[in-house]
Amino acid sequence: MISTWAIRLIVICAGISLVAGVGNDDFVDACFGVEGDKPPHCEYIDFDDVFESSDIKFNWSFITKLTISNKRIIGIPTRMFESLPNLESFVVVNSLFYREIDPNSFVDCHKLEHVEITGTNVTFLDSHLFPKTPKLKHLLFHHNKIREIKYDAFEFLVDLEELNLSYNNISRIPSGAFHKQKNLKTLDLNHNHLLLLSFDSWFPVDGIHSLAYLDASYNELIELSWSEITVKKVNLKYNNLTNIHINGNCSELHASYNMIESVTVGSNCSIEKLYLAHNHIGSFGDLRKCSDTLRTLDVSFNILQRQFDFLGMKQLTALNVECTNLTLQYTTLHDLRKLRFLDISYNNLKKIDFENLTSQRLLERLMISGNPIGNMSIGSIKRNFPNLKALGIYDLPWNESSLSVAIEDLKKHDIKPYIKNDYLFEESQCPLKITRNFSGNGDDHEESADLIHGSSGDKTIEYIVIVLLVAVICGLLFKVFVDSRYYRELFKDRLRGSSISHESLVSCDLNG
């Protein structure tokens, strides 16, 4: 006689029965904990055959993980998990639901820690989705079609640490949606349609101090309702923000690829890494308020005011000012004595006076690509930067011979050259990019002579190649001419020797 819990299993199986499922679709993946002498293990369960006889093949109550993938499911029935007291992880991947998720499905899952429902057609998250799941820490609803979330959908999830709602169709999150999530550490909202980041209204009035990572990139944000950024790492890339205010204990902020025109800083800035590339920033003087903590700054692809410097930013170790209209003077980078990485590419610098960079003795990587620099001394670079390990020389106006000489010199000084094939960054679209041929004029006479000789050598080779090509083409034309005359005479001879000419064949055809 089948026990009570087995009867419940039959109800569960009926609840998640497959629509026209065949072959492997009849199975789900289940992992079991320790069961008597059996160690923990995973196996496929056939929902149709598991109750063929009264001899139950396994104890359902020992299942710790249940994974349903590539199925068509009627839905998750009410109180489905009453017979799964030890379930810790429930995963549904790439499956089609015929009903929205029932809020009462996850009642009494006292050990459930991980729920992942992804790649489904779920569009709505109802109130009180996970009652009596006190240990639920990871809730992943990414890559679905969610459009609406009730304000109290996550009310009972007081211990939730990770919430992933990325790759959905969410345009608005209601006020108070995360009022009970005081232990939340990761909130992922990327690839949605959010217009407003209402952080102050989503979370409790006293804020949330446990959140370490917020990703709201690839949305349509035009405004931040956020009085104090208390999240350690924030990603706001690829939005429509026009201004940003840095205030609070945020240590890393990504806001590249927006339309930011101004950056303001509060009194208690503690930012360490700031990425503002591809915006419309004209000045960033306010960032000096962060000089005590700021170590990495990327303001590339912003056409800044012609005269600007980084005086006072003494803690910077990485600086990217690619395509910023930079003028390199003595005071521009004078205070950056801790700098390890510097990118000054695509700034129309015709000459780099390394005497203006004498304070950067610790520099390890220097990118000068895309500048119309006539020549430079590798030896001088090494003397100024004894710790230099890499030099970016992509898209410089040098011919192939000059580039080869420079690469060999760099290798002699144990400096890795970054050229087009292995350059760190993608193809530049800088509006300041200037393409011009190398003229050979410069202050370093030895290098100029080498480059000029290299150019003349290349031209000699080009002339030889052109002459050879012309000779080959003439030979081919002559051969074609001779062959055409020979075959024409041969064809005439064959026509004379034939009994019926082409003309007679035509006339016979016309005359019937």
Looking just at side-chain N and O atoms, do Tyr275 and Asn320 make a donor-acceptor pair shorter than 3.5 Å? no

Return yes when atom OH of Tyr213 has more than 12 non-hydrogen atoms of other residues, nucleotides or ligands closer than 6.0 Å, and no otherwise. yes

Ignoring hydrogens and angles, state whether a donor on the side chain of Asn86 or Lys111 is under 3.5 Å from an acceptor on the partner side chain. yes

Salt bridge flag under 4.0 Å for residues Arg288 and Asp309: yes

Give, for atom CD1 of Ile246 and atom SG of Cys269, the distance between the pair rounded to the nearest 0.5 Å. 6.0 Å

Whether Phe154 and Phe178 hold their rings parallel, tilted or perpendicular, with breakpoints at 30° and 60°: parallel

Verify side chain to side chain contact (heavy atoms under 4.5 Å, CB included) between Leu221 and Asn240, making sure each step is shown before the conclusion. CA-CA 5 Å; Leu221 295 175; Asn240 299 320; over 6 Å; no

Kindly check if the number of other-residue, nucleotide or ligand heavy atoms within 6.0 Å of CZ (Arg147) is above 12? no

Is any side-chain heavy atom of Glu100 closer than 4.5 Å to a side-chain heavy atom of Val122? yes

Can Asn190 and Asn192 be counted as having a side-chain donor-acceptor contact under 3.5 angstrom? no

Examine the side chains of Gln181 and His179 and answer whether a donor and an acceptor come within less than 3.5 Å of each other. no

Does atom NZ of Lys65 have more than 12 heavy-atom neighbours from other groups under 6.0 Å away? no

Name the orientation class of the two ring planes belonging to Phe301 and His278 (parallel below 30°, tilted from 30 to 60°, perpendicular beyond 60°). parallel

Parallel, tilted or perpendicular: which fits the ring planes of His334 and Tyr330, with parallel below 30° and perpendicular above 60°? tilted

Check Lys180 with Glu155, please: is the shortest side-chain N to carboxylate O separation under 4.0 Å? yes

For Leu336 and Leu319, which heavy atoms make the closest approach, and how far apart are they? CD1-CD2, 3.7 Å

Just by distance, with hydrogens left out, do Ser127 and Asp152 show a side-chain donor and acceptor under 3.5 Å apart? yes

Can you name the nearest heavy-atom pair linking Ser369 to Ile393, along with the distance? OG-N, 3.5 Å

Side chains of Ser166 and His191: donor-acceptor distance under 3.5 Å anywhere? no

